[in-house]
Amino acid sequence: MVTVISLGGSIVAPDGVDIPFLKDFHSLISDFLNEDEKRRFVLVVGGGGPARAWQNAYREISSAVKDEDADWIGVMATRLNAQLIKAIMGEWCNQPVITDPSKTEPFTGRILVAAGWKPGFSSDYDAVLLAEQFGAGMVLNLSNIKQVYTDDPRTNPDAKPLDTISWEDFKALVGETWTPGKNVPFDPVATRHAAKLNLKVICAAGKDLPNLRLILEDKPFIGTLIG
C-alpha cells in the first residue's frame with residue numbers, strides 16, 4: 001500500500017525548520033511502518049518559508065523579474081527541505097531524493113522522498129505524477145489550513161469550510177494559471193491532472209497529527225475531500 005503525502009513547506013519550514021513537528025511526524029510515520037510491513041510512503045516536500053523569502057528577495061532586487069527564475073528559486077528550496085526529510089527518515093528511505101518524477105526507479109525501500117522538479121507548477125503536481133506512477137488512488141495534501149473554504153477566509157469573513165468539493169468546483173476556486181509562490185490549497189496544474197485521473201485529494205492541517213493518524217487509519221477526520 002503506497003500513501004502519497006504532499007508535505008507542505010509551510011509546515012516543514014514556515015520560517016525556520018519546525019524541529020518539534022518533524023520529530024513528531026517522524027515518530028508517527030515510523031509507527032505506521034512498524035505496524036504494517038506492506039505500508040509505504042511517498043513524501044513530496046514543498047518549499048515553504050525559504051522559498052517565499054528568497055523569491056521575495058529576488059523580486060525586490062531585480063528590475064526584470066522572470067517567473068521561470070522565481071520558480072527555480074522555489075524548486076531549490078523544496079530540494080533543501082526534501083534532503084532534510086530524507087536524512088531524518090534514515091533507514092526507512094534508502095533511495096536518493098526524487099527531483100524528476102518522470103524518471104523514477106523502482107520503489108525498493110519503505111519511504112521515497114521527492115522535491116520540486118522544474119518551473120511551471122508546484123510540488124503538488126509532482127505528488128500527482130507519483131501517485132499515478134505508483135498506483136495510489138489518493139494524495140494527502142498537508143498544509144497550514146484545516147480545510148478548503150468557499151473563499152479566502154482571511155479576506156472574506158463569510159467564507160465557509162467544505163467537507164467535500166468536486167474537481168470542477170475546485171478548479172473554479174483555484175483558477176487556471178500557476179504563478180511562483182501562489183498560495184492555494186492545491187495548485188492549478190496539479191488540479192487539472194488529478195481531475196483527469198479522477199484522483200482523490202484530501203486537504204488537511206499538517207500539524208494536527210492526531211487528525212493525520214485518523215486519516216491514515218481511514219477513520220472520520222477534519223479536512224476536505226476533493227474529487
Side-chain angles (χ1 to χ4, degrees), residues 1-49 78-98 101 104-115 123-124 126-148 163 185-186 199-227:
M1 176 184 178
V2 176
T3 301
V4 177
I5 298 179
S6 182
L7 189 60
S10 60
I11 56 175
V12 173
D15 295 307
V17 176
D18 190 334
I19 294 172
F21 164 73
L22 290 179
K23 285 182 177 179
D24 291 342
F25 180 76
H26 172 268
S27 178
L28 177 65
I29 295 298
S30 296
D31 285 348
F32 279 93
L33 293 174
N34 284 321
E35 291 166 7
D36 183 355
E37 63 180 16
K38 293 183 179 180
R39 187 184 278 271
R40 296 184 293 171
F41 290 93
V42 177
L43 307 177
V44 187
V45 189
T78 73
R79 294 181 182 182
L80 176 61
N81 288 341
Q83 198 66 44
L84 172 62
I85 298 298
K86 175 188 163 18
I88 290 169
M89 293 302 169
E91 63 182 13
W92 295 122
C93 182
N94 60 10
Q95 293 173 266
V97 170
I98 296 170
T104 59
E105 298 179 1
F107 194 163
T108 61
R110 304 292 302 283
I111 291 176
L112 270 178
V113 177
S123 54
D124 292 340
D126 303 325
V128 172
L129 293 179
L130 290 166
E132 180 181 17
Q133 182 170 157
F134 292 114
M138 182 190 75
V139 170
L140 176 51
N141 186 54
L142 301 180
S143 68
N144 57 0
I145 62 169
K146 289 184 177 182
Q147 290 180 282
V148 174
D163 293 328
F186 205 64
L199 191 68
K200 294 187 183 301
V201 171
I202 290 175
C203 292
K207 291 190 178 182
D208 186 349
L209 293 178
N211 190 57
L212 175 56
R213 179 177 289 277
L214 292 174
I215 296 171
L216 294 176
E217 291 176 345
D218 199 23
K219 294 178 180 178
F221 62 89
I222 297 172
T224 301
L225 175 63
I226 311 172

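Computation of the quantities below employed the complete heavy-atom set of this structure, encompassing side-chain atoms and omitting hydrogens, waters and symmetry-equivalent molecules.
A donor-acceptor pair under 3.5 Å is formed between the side chain of N141 and the backbone N or O of P185. A donor-acceptor distance shorter than 3.5 angstrom exists from the side chain of N211 to the backbone of I222, with no hydrogens or angles considered. With hydrogens and angles disregarded, no donor-acceptor distance shorter than 3.5 Å links the side chain of Q83 to the backbone of V97.
Taking each heavy atom of Q147 and T224 in turn, the nearest pair found is CB-OG1, 3.3 Å. Shown here for M138 and A131, the closest heavy-atom pair between the two residues is O-CB, 4.5 Å. What you find for A114 and L130 is that their closest heavy atoms are CB-CD1, 3.6 Å. The two residues F107 and F134 make their nearest non-hydrogen contact at CB-CE2, 3.9 Å. Between L214 and P220, the shortest heavy-atom contact is CD1-O, 3.4 Å. The nearest pair of heavy atoms linking V4 to A136 is CG2-CB, 3.9 Å.
Taken from CG in L142 to CG in L43, the straight-line distance is 9.5 Å, to the nearest 0.5 Å. Distance OG/S30 to CZ/R110: 10.0 Å, rounded to 0.5 Å. For the atom pair I145 CD1 and I11 CD1, the distance stands at 11.0 Å (nearest 0.5 Å). How far CG of L112 is from SG of C93: 6.5 Å, rounded to the nearest 0.5 Å. Here the straight-line distance linking atom CG of L216 with atom CG of D36 works out to 11.5 Å at 0.5 Å rounding. Between the OG1 atom of T108 and the CD atom of Q95 there is a distance of 3.5 Å, given to the nearest 0.5 Å.
Between W92 and I29, the closest side-chain pair of non-hydrogen atoms is not below 4.5 Å. The shortest side-chain heavy-atom distance between L33 and I111 falls under the 4.5 Å cut-off. Using a 4.5 Å cut-off on side-chain heavy atoms (C-beta onward), F32 and F41 make contact. Annotation: side chain of L225 is in contact with side chain of K200 (closest heavy-atom distance under 4.5 Å). F25 places a side-chain heavy atom less than 4.5 Å from the side chain of M89.
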(message) Pair R39, T3 - check side chain to side chain contact (heavy atoms under 4.5 Å, CB included), show working.
(response) CA-CA 8 Å; R39 187 184 278 271; T3 301; 3.3 Å; yes

(request) For F186 and V128, run side chain to side chain contact (heavy atoms under 4.5 Å, CB included): C-alpha distance rounded to whole Å, both residues' side-chain angles, the deciding distance at 0.1 Å, then the answer. (result) CA-CA 11 Å; F186 205 64; V128 172; 3.7 Å; yes

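Of the candidates N81, I98, V45, I88, V45 is the only one forming a side-chain contact (heavy atoms from CB on, under 4.5 Å) with V113. Of the candidates V44, D126, V42, P101 forms a side-chain contact (heavy atoms from CB on, under 4.5 Å) with just one, namely D126.
Under the side-chain hydrogen bond (donor to acceptor under 3.5 Å, both in side chains) criterion, K38 pairs with no residue at all, not counting sequence neighbours.
Other residues, nucleotides and ligands contribute at most 12 non-hydrogen atoms within 6.0 Å of the CG atom of D15. For E37, the CD atom sits in a loose shell: 12 or fewer heavy atoms of surrounding residues, nucleotides or ligands are nearer than 6.0 Å.
Residue pairs satisfying the salt bridge (charged side-chain N to carboxylate O under 4.0 Å, His left out) criterion with at least one member in residues 214-227, sequence neighbours excluded, are listed as follows: R213-E217, E217-K219.
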